[in-house]
Amino acid sequence: MLKPNLPDGAVLEFKRGSGENVNIQLYPAWASKQLSNMKGAFIFRLTPNGKTLGVVWLNASEDKRDQYESGSPLWKFYDIKLSMKSKLPKNPKIYEKGMPELVLSVVKQGISMYREVSLI
């Protein structure tokens, strides 16, 4: 379902989270060395099991974005994630009605925005 919407070089990484959680994270092939070397530079994370079943997490806040110089690659990274996050309901769960389609749409828009600012 995701594959046709992923940029070239993108990787879905499966990582053990806290407790029994398994996290699925989407990492594109970042053009910025800062982003490619940064732990946690994923576009989104999905937790399909465990205590946080179905949570779609974008890990973005204005405080996090504003830690970086305006216009820098890391500032743009978080600014786009904030834009993506604003298009989702609070605490989105992938199993909710219409959520898979909404998440795919938001991810596709985010990837397009990352391309526009030459981050991927």
Side-chain angles (χ1 to χ4, degrees):
M1 202 159 106
L2 271 174
K3 187 112 175 105
N5 295 307
L6 297 180
D8 291 340
V11 174
L12 283 175
E13 185 176 279
F14 292 76
K15 294 179 87 171
R16 176 157 308 281
S18 61
E20 299 293 317
N21 289 357
V22 172
N23 297 315
I24 304 168
Q25 300 171 340
L26 173 63
Y27 289 91
W30 293 115
S32 163
K33 287 189 189 258
Q34 282 180 303
L35 285 169
S36 61
N37 293 331
M38 185 175 98
K39 182 180 177 184
F42 52 83
I43 292 179
F44 81 97
R45 179 171 82 191
L46 173 65
T47 305
N49 70 333
K51 293 179 185 174
T52 55
L53 177 68
V55 170
V56 177
W57 193 50
L58 291 169
N59 185 28
S61 69
E62 289 180 7
D63 288 341
K64 187 85 168 167
R65 177 197 61 198
D66 293 342
Q67 291 175 8
Y68 302 98
E69 184 179 334
S70 180
S72 70
L74 290 171
W75 187 92
K76 290 176 186 177
F77 168 72
Y78 284 109
D79 193 56
I80 291 170
K81 282 181 87 167
L82 280 169
S83 175
M84 293 169 62
K85 186 177 179 178
S86 74
K87 294 175 175 116
L88 295 174
K90 187 175 181 174
N91 300 317
K93 309 283 189 305
I94 197 67
Y95 54 79
E96 294 172 335
K97 184 176 180 174
M99 193 57 64
E101 295 83 6
L102 179 59
V103 168
L104 284 175
S105 173
V106 167
V107 167
K108 191 174 183 177
Q109 291 170 32
I111 288 169
S112 177
M113 289 187 282
Y114 285 124
R115 282 187 175 129
E116 285 175 22
V117 297
S118 301
L119 289 180
I120 53 176

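Remember, predicted model here, so these are calculated numbers, not experimental data.
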Asker: Any side-chain heavy atom of Y114 within less than 4.5 Å of one from I43?
Answerer: yes
Asker: Looking only at heavy atoms, what is the nearest atom pair of A29 and I120, with distance?
Answerer: O-CG2, 3.6 Å
Asker: For residues L102 and F44: do they belong to one hydrophobic cluster (side chain heavy atoms under 4.5 Å, members Ile, Leu, Val, Met, Phe, Trp, Tyr)?
Answerer: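 Same cluster.
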Asker: Counting C-beta onward and ignoring hydrogens, is there a side-chain heavy-atom pair between I80 and M84 closer than 4.5 Å?
Answerer: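 Yes, side chains in contact.
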Asker: Do N23 and L46 have side-chain heavy atoms sitting under 4.5 Å apart?
Answerer: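 They are not in contact (no side-chain heavy atoms under 4.5 Å apart), so the answer is no.
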Asker: Kindly indicate, with the supporting measurements, whether the criterion side-chain contact (heavy atoms from CB on, under 4.5 Å) is fulfilled by T47 and V22.
Answerer: CA-CA 6 Å; T47 305; V22 172; over 6 Å; no
Asker: Keeping N37 on the side-chain end and K33 on the backbone end, is there a donor-acceptor pair under 3.5 Å?
Answerer: yes
Asker: Between M99 and V55, is there shared hydrophobic-cluster membership here, with clusters defined by ILVMFWY side-chain heavy atoms closer than 4.5 Å?
Answerer: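 Cluster IDs for M99 and V55 differ.
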Asker: Determine whether the side chains of E101 and S105 contain a donor N or O and an acceptor N or O closer than 3.5 Å.
Answerer: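 Per modelled atom types, E101 and S105 side chains form no pair under 3.5 Å.
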Asker: When clusters are formed by joining ILVMFWY residues with side-chain heavy atoms under 4.5 Å apart, either directly or through shared neighbours, do V107 and V117 land in the same one?
Answerer: yes
Asker: Hey, are the side chains of M38 and F77 touching, using non-hydrogen atoms and a 4.5 Å cut-off?
Answerer: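 A side-chain contact exists here, since the closest heavy-atom pair is under 4.5 Å.
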Asker: If you group Ile, Leu, Val, Met, Phe, Trp and Tyr by side-chain heavy-atom gaps below 4.5 Å, do Y27 and L58 land in one group?
Answerer: no
Asker: Given 3.5 Å as the limit, does a donor-acceptor pair link the side chain of W57 with the main chain of N91, or not?
Answerer: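 No, the answer is negative, given that no donor and acceptor are paired below the 3.5 Å cut-off.
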Asker: Ignoring hydrogens, what is the shortest heavy-atom contact between A31 and S118? Give both atom names and the distance.
Answerer: CB-O, 3.5 Å
Asker: Using a 4.5 Å cut-off on heavy atoms from C-beta on, say whether the side chain of K93 contacts that of V56.
Answerer: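 A side-chain contact under 4.5 Å is absent here.
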Asker: So if you build clusters from Ile, Leu, Val, Met, Phe, Trp, Tyr with side-chain heavy-atom gaps below 4.5 Å, do L12 and I111 land together?
Answerer: yes
Asker: With a 4.5 Å heavy-atom cut-off, do I24 and E13 have their side chains touching?
Answerer: no
Asker: Does the side chain of L119 come within less than 4.5 Å of K76's, by heavy atoms?
Answerer: yes
Asker: Just wondering, do Q109 and K87 contact through their side chains at under 4.5 Å, heavy atoms?
Answerer: yes
Asker: Determine the minimum heavy-atom distance between N59 and Y78, stating which atoms define it.
Answerer: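 That closest heavy-atom pairing would be O-CE2, 3.7 Å.
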Asker: With K81 as the cation and F42 as the aromatic partner, state whether NZ or CZ is under 6.0 Å from the six-membered ring centre and within 45° of the axis.
Answerer: yes
Asker: Looking only at non-hydrogen atoms, find the nearest pair between M113 and S83 and report the distance.
Answerer: CE-OG, 3.8 Å
